[in-house]
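Numbers restart at 1 for each chain; the letters A, B, ... are given by sequence-line order, proteins then strands. No experiment lies behind these values; they were computed from the predicted model shown.
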Amino acid sequence: MNPAVKPLAGMRQLYPDAMAVEEGIAAVIRRVALSYGFEEYDGPVIEPLELFLAKSGSELVMEQSYRFTDRGGREVVLRPEMTPTLARMIAGAPDTPMPARWMSFPVCFRYERPQRGRVREFRQFNCDILGSDSLAADAEVIAVLDGIMRGLGAPPGSYSIRYSSRRLASEVLTSLGLESVMHQQALAIIDRKSKLPADEWRAWASERLGGAAEAVERFSCCSSLDDGWLAERAAPGGELERLREFGGLLGAAGVASASFDAGIARGLDYYTGIVFELLDTGGQNRRAICGGGRYDNLVGIFGGKPVPGVGFGLGMLTLRLFLETLGLRVSGRSGRPDVFMAVFSPAELPWAVEAAEAIRSRGLSVLASLECGKLSKQFREASRRGASFTAVAGPEEASERSITLKDMSGGGQMRLPLEKALEFLETRLGGSL
RNA sequence: GUGGGAGUAGUUCAGUUGGUAGAGCCCUUGACUGUGGAUCAAGUGGUCGCCGGUUCGAGUCCGGUCUCCCACCCCA
């Protein structure tokens, strides 16, 4: 391909087939989220740099964002994530009835090397509950997530939702004698546990954490809330207790795919409580498909009263790849017209246009031929487009205000006055739009 | 930023020890000038990523460069 016409690396460019799949997935997601009462919103793609500097995490902003100076001399970025924008919008609309359940499908940008499931321009589904610090809110967003996966046909066991809590981690780290200023760093070290070779990780961890490294490792391996070691170090009546309650709520919501995993930490700095990820349990997409958590201090930094929040981002591309590896097909709109309108010669074009409009007025889709070539070509086109019927407007049809209808699935064909043809099509195809 | 792989027709790819380029799919046309799918036949289409070197001769060998893919870092 001519280099001049290639899209930039990692930019989102969806041909109709891929778009139909993506929209089919989005339709399932919307349906599930709507059933929980979520409302859709949107925000700016370009944001001031400061919006993300405050809380997103320095690497995401400093090294992975599309940053530039606009014509007015402002430092701006193409949003690398949606949550800070959401927090600002909530802070700016204090009359919003709380708790608010808001969802969005933002296109976001991160400047990193493209690879499987990771590109520079990507679309996410974001789903957040604001204004509630109830555990029920944390459980509900995970129930939405699980409902989406089930709605898309992902079988039990094909994915797992892992959750932990930063508050629990803080309790344990405190009992291990780590100052709270060290907690953020310890979380980053925990986050890397599964990504480095064991030896390398240990060396690195003990360099940063000293004697506590071994205990931190022990903590990150906890995968049960009933772990005795964990119970001894967590604050009595504290976060561990809440996590047990949380697990109970998830069970009540019918979420079977979620489990505790102290090794989940997440990279964003603004998370304050529960954090979670959705992972493909198969081998081919060893990467988070979704990540989220609770952020109780984010809205407050934009002024006004503090508003707690919890939510997640779900990558549409990574979700599509996941469904593909499972062999799941999500049907979007088919793009198949009900009727293909063939035109014999230019003289019949007005009649063809009029008849096509009449068919459309009955709620059916009509793909009108724009060429008046050979009928064999037009029938071929109708077949290729997957039309259910082909209508022919020829001289005889035009003179008597009729059309010839052929059933493309192999039925016969007949010439009918337009009104009769409309009735016929309506009974055969009615309600397809 | 680090490491590996690959660049040949619109697309997916083949191309032998160096001898001026091939297939499938797609597209166009044709097998009853008012009838599609399947089959068949023919045809269009390539600066072999780019630059340089070796050679009588380079898609092929060597060097450089660019791009893409995969993996790492990080993350959706």
Side-chain angles (χ1 to χ4, degrees), chain A residues 1-12 15 56-65 79-83 104-127 145 188 191-192 194-197 200 204 264-268 276-280 284-292 311-322 340 342-345 348 369 372-398 403-415:
Chain A
M1 195 187 290
N2 181 341
V5 299
K6 284 200 318 194
L8 290 173
M11 292 297 114
R12 194 173 115 95
Y15 285 84
S56 288
S58 62
E59 174 160 16
L60 183 62
V61 181
M62 301 313 288
E63 289 165 43
Q64 293 192 337
S65 63
R79 64 181 172 206
E81 59 152 342
M82 190 61 162
T83 309
S104 192
F105 288 89
V107 169
C108 301
F109 297 81
R110 290 183 195 174
Y111 195 88
E112 54 189 335
R113 286 282 274 270
Q115 57 192 289
R116 181 177 168 81
R118 288 297 179 270
V119 290
R120 288 176 173 175
E121 178 187 11
F122 59 96
R123 191 171 170 222
Q124 286 186 330
F125 170 64
N126 267 246
C127 175
L145 177 60
D191 192 41
R192 283 216 177 150
S194 60
K195 292 159 185 164
L196 286 178
E200 217 171 296
W204 183 63
I264 299 294
R266 306 297 306 156
L268 298 172
F276 56 92
E277 295 180 350
L278 186 145
L279 299 165
D280 178 0
Q284 294 171 69
N285 304 291
R286 280 248 162 267
R287 221 184 281 271
I289 295 171
C290 167
F312 63 84
L314 175 64
M316 295 297 287
L317 168 63
T318 166
L319 181 57
R320 219 164 74 217
L321 290 172
F322 170 71
F340 183 92
V343 192
F344 186 75
S345 72
E348 288 79 40
S369 177
C372 306
K374 291 185 168 184
L375 280 183
S376 66
K377 273 175 75 171
Q378 296 190 54
F379 270 92
R380 194 158 153 251
E381 182 67 5
S383 180
R384 191 159 49 184
R385 299 287 182 177
S388 302
F389 286 86
T390 297
V392 179
E396 294 165 23
E397 287 88 346
I403 55 175
T404 295
L405 276 178
K406 176 168 179 171
D407 184 340
M408 297 302 281
S409 63
Q413 72 176 46
M414 56 193 148
R415 193 193 300 171

- Taking a pair as Watson-Crick (N1 to N3 plus N6-O4 or O6-N4) or G-U wobble (N1-O2 and O6-N3), both under 3.5 Å, which stems of 3 or more consecutive pairs involve RNA chain B? B:1-7 with B:66-72, B:10-13 with B:22-25, B:27-31 with B:39-43, B:49-53 with B:61-65

- For A/Q115 and B/G3, what is the distance between atoms CD and C1' respectively, to the nearest whole Å? 12 Å

- For A/D191, report the nucleic acid contact type (base, sugar-phosphate, nothing); a contact means any heavy atom under 4.0 Å. sugar-phosphate

- Between B/C48 and B/G22, how far is it from one P atom to the other, in whole Å? 14 Å

- Interatomic spacing from OG1 in A/T390 to CG in A/D407 - rounded to 0.5 Å: 9.5 Å

- Query: Could you write nucleotides 32-44 of chain B as a row of B, S and -, 5' to 3', where a protein heavy atom under 4.0 Å of any base atom gives B, of only sugar-phosphate atoms gives S, and otherwise -?
  - Reply: --BBBB-------

- Task: Respond yes when some side-chain nitrogen or oxygen of A/R287 is under 4.0 Å from OP1 or OP2 of B/C70, and no when none is.
- Result: no

- For atom CZ of A/R385, is the number of surrounding heavy atoms from other residues, nucleotides or ligands below 6.0 Å larger than 12? no

- Message: Under the side chain to side chain contact (heavy atoms under 4.5 Å, CB included) test against A/I289, which residue among A/L321, A/L317, A/D280 passes?
- Response: A/D280

- Query: Using the C1' atom in both, what is the distance from B/U44 to B/C26, to the nearest Å?
  - Reply: 12 Å

- Task: Please indicate whether A/F105 has more than 12 foreign heavy atoms, meaning atoms of other residues, nucleotides or ligands, lying under 6.0 Å from its CZ.
- Result: yes

- Distance, rounded to the nearest Å, where A/R116 contributes CZ and B/C73 contributes P: 17 Å

- Task: For B/G49 and B/U8, measure between their P atoms and round to the nearest Å.
- Result: 6 Å

- Task: Sticking with atom C1', work out how far B/G15 lies from B/U60, rounded to a whole angstrom.
- Result: 9 Å

- Task: State, with a plain yes or no, whether a side-chain heavy atom of A/C127 is found less than 4.5 Å away from one of A/L145.
- Result: no

- Note on the structure: Here the distance between atom C1' of B/U67 and atom CZ of A/R120, to the nearest Å, is 12 Å

- Between B/C50 and B/C56, how far is it from one C1' atom to the other, in whole Å? 25 Å

- Query: Which part of the nucleic acid does A/A9 contact within heavy-atom distance under 4.0 Å: base, sugar-phosphate only, or nothing?
  - Reply: sugar-phosphate

- Between A/E63 (CD) and B/G1 (C1'), how many Å, whole number? 9 Å

- Message: Please determine whether side-chain contact (heavy atoms from CB on, under 4.5 Å) holds for the pair A/M408 and A/F379, giving the CA-CA distance in whole Å, both sets of side-chain angles, and the decisive distance to 0.1 Å.
- Response: CA-CA 9 Å; A/M408 297 302 281; A/F379 270 92; 4.2 Å; yes

- Message: Distance to the ring centre below 6.0 angstrom and angle to the axis at most 45 degrees; does that hold for A/R120 and A/Y111?
- Response: yes

- When the distance from CE of A/M11 to P of B/C69 is rounded to whole Å, what number comes out? 11 Å

- Between B/U17 and B/C13, how far apart are the C1' atoms? Round to whole Å, please. 23 Å

- A/R320 side chain to A/G315 main-chain N or O, any donor-acceptor pair under 3.5 Å? no

- P atoms of B/C25 and B/G43, separation to the nearest Å: 15 Å

- With rounding to whole Å, what would you report as the distance between B/G37 and B/U29 at their P atoms? 13 Å

- Less than 4.0 Å between a side-chain N and a carboxylate O, is that true for A/E381 and A/K377? no

- Item | Pairwise side-chain contact, A/V119 with A/M11, heavy-atom cut-off 4.5 Å (strictly under) | no

